[in-house]
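These notes are about the structure you will find just below.
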Amino acid sequence: MTAPLGILGGTFDPAHLAHLALARAALDRLGIAQVRWIPAGQPPHRAPPASSPEHRLAMVRLAIAGEARFVLDDSEAKSSAPSYTVDTLERLRRRFGPDRPLVLLMGADAFRALHRWRRWEDILRLAHIAVATRPGYPLAGLDAPLADAFGRHRLPRADFAATPAGGIHPFELVAGTVSATEVRGRIAAGAPEGELRALLPAAVLDYIRRHRLYRA
């Protein structure tokens, strides 16, 4: 077994500080050796991203600069095919082999809808899942299929190195609850500079300003 590899997918439209907090927690608290950031090209279950793949890749590069354990995977952003998580994990399995522990990183809101994702049960065959929850808000009230899977696969500790896939580990993360949609809305509304710098890495905000992204 080699050290667990974290997988962080999303549109990153734009990449913000809560994304970074999740990725850093994976390195510092979950025993993960590296986090691969994978911007989606064509997300199948939502409206197209507000900015182009080129802009979103550039913003992720700026956000992760300076942390050698963060790696940008641009494969899907450059593809015209829909970005399904199960396909991403199958691609990574082909690249890293059957024994490398893979850990899919996600927030609790995304996890609650997991049973509606394409071939969602195969995701646990391909990877572990680390679910970031807010302090005081445990994963209760899950829909029945997901609650059953959570009960069978839950890991009390982030013991991802023992097996390549199949565990679900919830952990508390104080990272704010802002979404990229809210960030775009605040930019479009002309929010003060200080407010935006509390949500975005400085280099990302400067890029947004320079390219006049997310303006009303």
Side-chain angles (χ1 to χ4, degrees), residues 6-32 34-41 43 45-74 76-77 83 103-113 129-139 158 169-216:
I7 310 300
L8 183 58
T11 55
F12 302 115
D13 192 24
H16 52 69
L17 291 177
H19 293 135
L20 281 170
L22 175 55
R24 286 175 178 147
L27 298 179
D28 297 340
R29 297 169 51 192
L30 302 182
I32 288 172
Q34 182 189 90
V35 175
R36 295 183 73 84
W37 295 60
I38 309 181
H45 299 307
R46 54 175 293 170
S51 58
S52 69
E54 293 74 21
H55 282 315
R56 292 184 291 112
L57 286 170
M59 287 187 282
V60 172
R61 286 191 188 96
L62 291 169
I64 68 176
E67 174 51 79
R69 294 172 294 173
F70 290 163
V71 175
L72 175 61
D73 183 333
D74 63 5
E76 295 181 17
S83 297
V103 184
L104 182 63
L105 307 171
M106 66 173 65
D109 288 347
F111 179 74
R112 287 181 180 280
I129 301 176
V131 186
T133 66
R134 287 184 293 157
Y137 291 87
L139 288 175
H169 176 67
F171 67 102
E172 290 189 347
L173 178 64
V174 181
T177 58
V178 69
S179 67
T181 301
E182 293 175 81
V183 172
R184 295 194 303 270
R186 294 188 193 189
I187 294 170
E193 193 79 359
E195 178 181 327
L196 295 177
R197 289 193 182 274
L199 303 174
L200 292 160
V204 173
L205 180 57
D206 292 343
Y207 183 94
I208 290 169
R209 296 296 198 208
R210 189 163 64 253
H211 292 274
R212 302 171 67 86
L213 302 180
Y214 312 126
R215 295 170 65 91

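Just so you know, these numbers come straight off a predicted model, no measurement behind them.
Summarising the geometry of Pro170 relative to Thr133, their closest heavy-atom pair is CB-CG2, 4.5 Å, with the distance given to 0.1 Å. Across Pro14 and Val183, no two heavy atoms sit closer than the pair CG-CG1, 3.9 Å. In terms of heavy atoms, Leu30 sits closest to Ala130 at CD1-CB, 3.8 Å. The heavy-atom pair separating Ala15 from Val60 by the smallest distance is CB-CG2, 4.2 Å. Ala108 approaches Leu139 most closely through the heavy-atom pair CB-CD2, 3.8 Å. Residues Phe12 and Arg56 come closest through the heavy atom pair O-CG, 3.7 Å.
A heavy-atom distance below 4.5 Å is found between the side chains of Ile64 and Leu72. By the 4.5 Å heavy-atom criterion applied to side chains, Ile38 and Asp74 are not counted as neighbours. For the pair Arg36/Leu8, no side-chain contact is recorded, criterion being any heavy-atom separation below 4.5 Å from C-beta on. For the pair Arg24 and Phe70, the minimum side-chain heavy-atom distance is below 4.5 Å. Annotation: side chain of His169 is not in contact with side chain of Val131 (no heavy-atom distance under 4.5 Å). Using a 4.5 Å heavy-atom threshold, the side chains of Pro201 and Leu20 count as touching. For the pair Ile208 and Ile187, the minimum side-chain heavy-atom distance is below 4.5 Å. Counting heavy atoms from C-beta on, the side chains of Arg184 and Thr181 come closer than 4.5 Å.
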Steps toward salt bridge (Lys or Arg N to Asp or Glu O under 4.0 Å) verdict (Glu172, Arg134): CA-CA 5 Å; Glu172 290 189 347; Arg134 287 184 293 157; over 6 Å; no
Worked check of side-chain contact (heavy atoms from CB on, under 4.5 Å) between Leu199 and Leu17: CA-CA 6 Å; Leu199 303 174; Leu17 291 177; 5.6 Å; no
side-chain contact (heavy atoms from CB on, under 4.5 Å) between Gln34 and Leu27, worked out: CA-CA 7 Å; Gln34 182 189 90; Leu27 298 179; 5.6 Å; no
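In Arg210, the CZ atom is crowded: over 12 heavy atoms of neighbouring residues, nucleotides or ligands sit closer than 6.0 Å.
With sequence neighbours excluded, the residues satisfying side-chain hydrogen bond (donor to acceptor under 3.5 Å, both in side chains) with His55 are Tyr207. Residues satisfying the side-chain hydrogen bond (donor to acceptor under 3.5 Å, both in side chains) test with Glu67, not counting sequence neighbours, are Arg69.
When each of Met59, Arg61, Arg209, Arg197 is checked for a side chain to side chain contact (heavy atoms under 4.5 Å, CB included) with Val204, only Met59 meets the rule.
The backbone N or O of Ala50 sits less than 3.5 Å from a side-chain atom of Asp13, completing a donor-acceptor pair. Between the side chain of His211 and the backbone N or O of Leu213, no donor-acceptor pair lies under 3.5 Å.
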